[in-house]
Structures are given as structure tokens and as C-alpha cells.
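Since the structure comes first, as C-alpha cells, the remarks are kept for the end.
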Number of protein chains: 2
Amino acid sequence: MISKKCTYALKAVLALTRREGSGPMTIQQIAELQDIPPRFLEAILRDLKQNGFTESIRGKEGGYVLSRPAREISLGEIIRCVEGPWFSPSGDADVFTTVWEEAENALNKVMDETDFQSLLRKEDELRRAAVPDYSI
Amino acid sequence: MISKKCTYALKAVLALTRREGSGPMTIQQIAELQDIPPRFLEAILRDLKQNGFTESIRGKEGGYVLSRPAREISLGEIIRCVEGPWFSPSGDADVFTTVWEEAENALNKVMDETDFQSLLRKEDELRRAAVPDYSI
DNA sequence: ACAAACCCTACTAAATCAATAGGGATACTG
DNA sequence: CAGTATCCCTATTGATTTAGTAGGGTTTGT
């Protein structure tokens with residue numbers, strides 16, 4: 001299962017993706033936009049920063065930005081950063097070990113095929129579908 | 001991650017696989033063989049029974065047996081029975097939904113490719129590798 | 001100097017997981 | 001038909017993890 005912390009992280013990165021190139025976004029802004037407890041989000045963003053996904057600007061007019069283009073950040077990278085491996089190596093090898101490894105690989109493959117730029121596009125499509133534009 | 005409960009279930013089914021065709025195996029026997037807390041194992045085996053994977057014989061000389069040939073029971077079936085879906089449908093559809101679905105499918109595919117008979121074979125191979133037989 | 005922002009450590013509350021307890025029902029066996 | 005070995009059921013407890021909060025500290029632009 002995907003934890004709340006992890007979905008918060010994904011939503012935060014998606015929010016930063018939307019703002020890409022338009023200056024930093026504060027914790028408060030992200031928290032309100034995505035409905036995330038601000039103090040919790042703070043910890044998450046620091047974590048992402050320490051792992052090289054975001055950068056922070058302190059002081060007034062500060063906030064967070066992505067440290068790489070959203071096109072080059074995959075869903076899998078963020079999830080692994082927040083959650084660690086799905087099937088952690090369980091002590092010593094037994095009959096299940098190779099299956100867990102195969103599962104881990106299959107999962108990473110799926111998660112690494114999607115980057116945040118395409119997620120942003122998808123979000124826009126979903127919005128257009130939900131709030132149709134009736135103009136000519 | 002795979003829970004302890006789930007690995008206990010898998011080990012129990014593997015033990016029953018080894019005993020296939022040679023009468024029932026008691027909770028105590030399985031618990032000792034696989035190092036599982038017996039009262040906990042009891043609950044797990046009842047769960048597997050209610051989902052049609054095992055059958056129980058009560059009274060003296062009783063115990064548990066597989067209700068289907070081990071060849072036809074996949075790792076995935078047992079895991080789903082004990083753990084439920086990996087990526088549960090999170091309320092309403094968002095940009096991540098389709099990725100979670102793809103991940104779920106990829107995972108099930110891997111887990112369903114392995115049945116317990118082949119796991120038993122693999123276990124035997126591992127044992128031979130660990131305790132080599134030097135006879136001619 | 002001040003205020004707006006990020007930074008750090010520690011703590012608490014709630015949920016889940018792991019395991020245990022105490023009996024009850026069933027069936028073979030002598 | 002008494003006794004014992006077995007599975008069956010519900011509730012409770014203790015440990016661990018997750019989710020979130022608190023209280024302060026540091027940096028920076030104006």
C-alpha cells in the first residue's frame with residue numbers, strides 16, 4: 001500500500017511541477033492547494049530536498065522549487081525516496097527471495113515509466129473532462 | 001512490504017505442500033517445523049480454510065490438508081487472500097489511479113507465475129546446495 | 001529591526017500488526 | 001462412554017508504525 005506521507009509527497013511534487021519556471025512555492029501554498037497538514041508537509045519537503053529532488057530558498061520570497069526538470073523525475077524515484085524498497089531483503093535467502101526480487105523489478109519498471117510532466121498533462125486532461133468548456 | 005502474517009501463511013502452505021497426499025498435518029507440527037507462534041498460525045489457517053485453500057479434519061488424528069493440488073495454488077492467491085490488494089482504490093480517480101492499476105497488474109502477474117509445487121522443488125534444491133551430498 | 005520564510009528535534013495520538021488468553025465444539029479410541 | 005487430541009471462536013493485550021503536532025531556531029529581503 002501507498003502511505004499518506006507518500007501521496008502527500010507525490011502531490012507536492014506535482015504542484016511544484018505545475019509551477020515549474022515561475023519561482024518558488026511556499027509550504028503554505030502547497031499545503032492549501034493540495035490539502036496537506038503544513039507541518040507534516042514541511043518534513044516531507046525537507047526529506048525530498050536531502051535526496052536531491054527539491055531545493056529551498058530561505059527568507060522572504062522563499063519557498064521550494066524542483067532541482068531537476070519535471071520531465072526527468074519519475075514517480076518511482078519519489079516513491080522509493082519516501083517509502084524505501086517494497087520488498088526489503090529479509091535476512092537470508094529462502095525460496096521466496098527471487099520472487100520478491102522479480103516483483104520489486106516489475107514494480108519499479110511500472111513506476112519509472114511515468115514522469116511528472118506527463119502526470120501534469122494528465123491532470124489537465126482530467127480537469128477539462130470534469131469541467132467541460134462549452135465555448136465555440 | 002510483506003507482513004509476518006503473510007510469510008507465515010506462505011510457509012504453512014509450503015509445509016502442507018511437502019506433506020501432500022500423506023494425511024493431515026497438525027497446527028503444532030507446522031508451527032514447530034516453520035517456527036511460527038502456534039496460536040497465531042491457528043488463526044491464519046482458519047483464514048485460509050474460509051477462503052478455500054485448506055481443509056481441516058477435527059478430532060484425534062486430525063489436522064490440515066490442502067484442498068487443491070499444490071501445482072494449482074499460486075503464490076499470488078495466498079498473498080491476496082491474506083493481505084488483500086496492494087494498491088487499494090483510493091476514493092475517487094486522480095492522476096495516479098491508472099498507474100496504481102498497472103502496478104497491481106504487474107505484481108499479480110509475477111506472483112501468479114509461481115505455484116507451490118515449484119516452490120517445493122526450489123526448496124529441495126536449496127537444501128541440497130546448503131548440505132552437499134558427497135557420496136558417489 | 002522586522003517579518004516571512006525555511007530548519008531541526010522531540011513529542012503525542014491513533015492505527016495497525018503480532019501475539020496471547022480462555023474457553024468451546026468435535027471426533028477418534030480404548 | 002470417558003478421555004484426550006484436535007480444530008474453532010471471540011476478545012484482549014502489547015509492540016510497532018504511521019500521522020500529525022509543538023516549540024523553538026536560523027536565514028534573508030526590505
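Predicted model only: the values in this text are computed from it and were never measured. Throughout, a chain's letter reflects where its sequence line sits, starting with A, and its residues are numbered from 1. Below, all heavy atoms of this structure are taken into account, side chains as well, without hydrogens, waters or symmetry copies.
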Taking CE from B:M25 and C1' from D:dT6, how many angstroms apart are they, rounded to a whole number?
15 Å

Return the nearest nucleotide to the side chain of B:Y64; candidates are C:dC28, D:dC8, C:dG22.
D:dC8

Length of the CZ-P vector between A:R58 and C:dA3, whole Å
19 Å

Kindly say if B:Y8 contacts the phosphate of C:dC17, meaning a side-chain N or O under 4.0 Å from OP1 or OP2.
no

Verify whether one side chain among A:T98 and B:K122 offers a donor that lies under 3.5 Å from an acceptor in the other.
yes

Figure out the CZ/C1' separation between A:R46 and D:dT26, and round it to whole Å.
13 Å

Checking only heavy atoms, does the side chain of B:E42 share a donor-acceptor pair with the base of D:dC7 at less than 3.5 Å?
no

Which part of the nucleic acid, if any, lies within contact of B:I57, taking any heavy atom under 4.0 Å across all strands shown: a base, the sugar-phosphate backbone alone, or nothing?
sugar-phosphate

Listed nucleotide nearest any side-chain atom of A:K60, set D:dC7, D:dA19, D:dG29:
D:dG29

Which nucleotide in the set C:dA18, D:dT26, C:dA25 lies at the smallest distance from any side-chain heavy atom of B:K4?
C:dA18

May I ask you to decide whether B:R121 forms a salt bridge with B:E125, counting only side-chain N to carboxylate O separations under 4.0 Å?
no

Closer than 4.0 angstrom, basic N to acidic O: yes or no for B:E123 and B:R18?
yes

CD1 of A:I36 versus C1' of D:dT21: gap in Å, rounded?
16 Å

Find the distance B:M1:CE to D:dT16:P and express it as a whole number of Å.
14 Å

For A:I27, answer base if it contacts any base atom (sugar-phosphate contacts may also be present), sugar-phosphate if it contacts only those atoms, and nothing otherwise; contact means non-hydrogen atoms under 4.0 Å.
sugar-phosphate

Assert: residue with more 5' nearest nucleotide on DNA chain D, out of B:Q50 and A:S3, is B:Q50

Check whether any side-chain nitrogen or oxygen of A:K49 sits under 4.0 Å from OP1 or OP2 of C:dC7, and answer yes or no.
yes

For B:I2 and C:dC17, give me the distance from atom CD1 to atom P, rounded to whole Å.
13 Å

Hey, does the side chain of B:S56 come within less than 4.0 Å of D:dT6's phosphate (OP1/OP2), counting only N and O?
no

Ignoring hydrogens and angles, state whether a donor on the side chain of A:S56 or A:K49 is under 3.5 Å from an acceptor on the partner side chain.
yes

Can you measure B:E61 atom CD to D:dC7 atom P for me and round it to whole angstrom units?
11 Å

Charged N-O contact under 4.0 Å between B:E77 and B:R68:
yes

Round to the nearest Å and state the distance from A:D35 atom CG to D:dG20 atom C1'.
14 Å

Listed nucleotide nearest any side-chain atom of B:R39, set C:dT20, C:dA25, C:dA5
C:dT20

